[in-house]
There are 2 protein chains.
Amino acid sequence: MSDLELIIQRLGLRGHRVTGSRRRVLDALLAAPAHFTVDDVLQRADGVGRATVFRTMKLLQDLNVVCRVMMEDGSRHYRISARGHHHHLVCRSCGRVEDFAICDVSALVQELSSSTEYEIEGHWLEVYGRCQSCRTTQPLATAGSESNGS
Amino acid sequence: MSDLELIIQRLGLRGHRVTGSRRRVLDALLAAPAHFTVDDVLQRADGVGRATVFRTMKLLQDLNVVCRVMMEDGSRHYRISARGHHHHLVCRSCGRVEDFAICDVSALVQELSSSTEYEIEGHWLEVYGRCQSCRTTQPLATAGSESNGS
DNA sequence: TCCGACATGAGACTAAGTATCAGTTAGAAT
DNA sequence: ATTCTAACTGATACTTAGTCTCATGTCGGA
């Protein structure tokens, strides 16, 4: 079963209709590069209204079909969702995004729980760096403002 | 030396002027609760123009006087910066923010570096949960959409 | 084939942030 | 103290991202 069929099935199971506009958005997503903005989808899904694209993206997020990637500047990108819990490794230079599932925060969560009395429910981790191809083609990037990075 | 004086000194050292508007913004920041939005500052720093508040906040970020807290919905909050590398623990219910410095990602960074050929330069980690007082006063929160949390 | 709930597009609206520009001012030089 | 100018300012127009509303369209069950 193709990705498209899987997603359509998931829509149906949740009682959502599979309409022309939704298909066009899905086609746009699946044809898009690994990560994209809502605006990219808007341009690719020709004829589909602005509001509908936003609505559909939100729906697909709820269905875990796509997930959000937070860029360092606060802008939102999306990508077809990997299964389950994962994080993103974002290239600061070209914007490429990799998934990774290594995520050992259990010790951290335990320590925070006991020291702060918070009930920890989730976390968001994005790692930023420069991918190999950017490092070889642009050895010296123009330095941006220093992030919260370690 | 007070916080205010320290910040003013830092401004001067970098060749920035200490103007009335900047003072008013700083007063607003220092009087604000531990975390706040640009809009909060706008309202407190009466008479200071919109653009100036945004400009000043950006400047203060560059000077590491304030730091950004990314809320789960993508909105930006700020807080007076703690020294050095740290992360935030955000209460989903009341929005309260705690700093923490425990941050052992070196193993993760090493693993990612070797498996992806990225040069890791930084990361962003925000932890979300519910603080003790929210848990006791509102035992059952209305459930929001499920986050990327583990 | 009728029907109602779901979905849609257009466009008005909001919020957050940026750009422009003429006027003001801090603070160094005189 | 006065002058000078780059830095700064507020007003306002603009941009961008996203939401709301509402009249219209359509899917698919009865």
### Task
Could you check which residues of residues 28-61 of chain A get a heavy atom under 4.0 Å from DNA chain C? Sort them by number, please.
A:G47, A:V48, A:G49, A:A51, A:T52, A:R55
### Query
OP1, OP2 of D:dT9 versus side-chain N and O of B:T19: anything below 4.0 Å?
yes
Can you confirm whether [X] sits close enough to [Y] that some side-chain heavy atom of one is under 4.5 Å from a side-chain heavy atom of the other?
X	Y	value
A:R76	A:V38	no
B:I8	B:R23	yes
A:R10	A:N64	yes

### Task
Using salt bridge (Lys or Arg N to Asp or Glu O under 4.0 Å) as the criterion, list what pairs up with B:R96, not counting sequence neighbours.
B:E98
### Message
Could you work out, with salt bridge (Lys or Arg N to Asp or Glu O under 4.0 Å) as the rule, every residue matching A:R79, not counting sequence neighbours?
### Response
A:D99
### Message
Hydrogens and angles aside, do B:H123 and B:H85 bring a side-chain donor and acceptor to less than 3.5 Å of each other?
### Response
yes
### Task
Kindly say whether, by distance alone, the side chain of A:R76 makes a donor-acceptor pair under 3.5 Å with the base of D:dA17?
no
## Note on the structure
B:R14 CZ to D:dA7 P, in whole Å, measures 16 Å
### A:E117: side chain to side chain contact (heavy atoms under 4.5 Å, CB included) partners, not counting sequence neighbours
B:Q132, B:R135
### Task
Only counting residues at least two apart or in another chain, list the ones meeting side chain to side chain contact (heavy atoms under 4.5 Å, CB included) with B:D46.
none
### Nucleotides bounding contact with chain B, strand DNA chain C, heavy-atom threshold 4.0 Å
C:dA16 to C:dG27
### Message
I want to confirm an ordering. Mapping B:V18 and B:Y78 to their closest nucleotides on DNA chain C, which one lands closer to the 5' end?
### Response
B:Y78
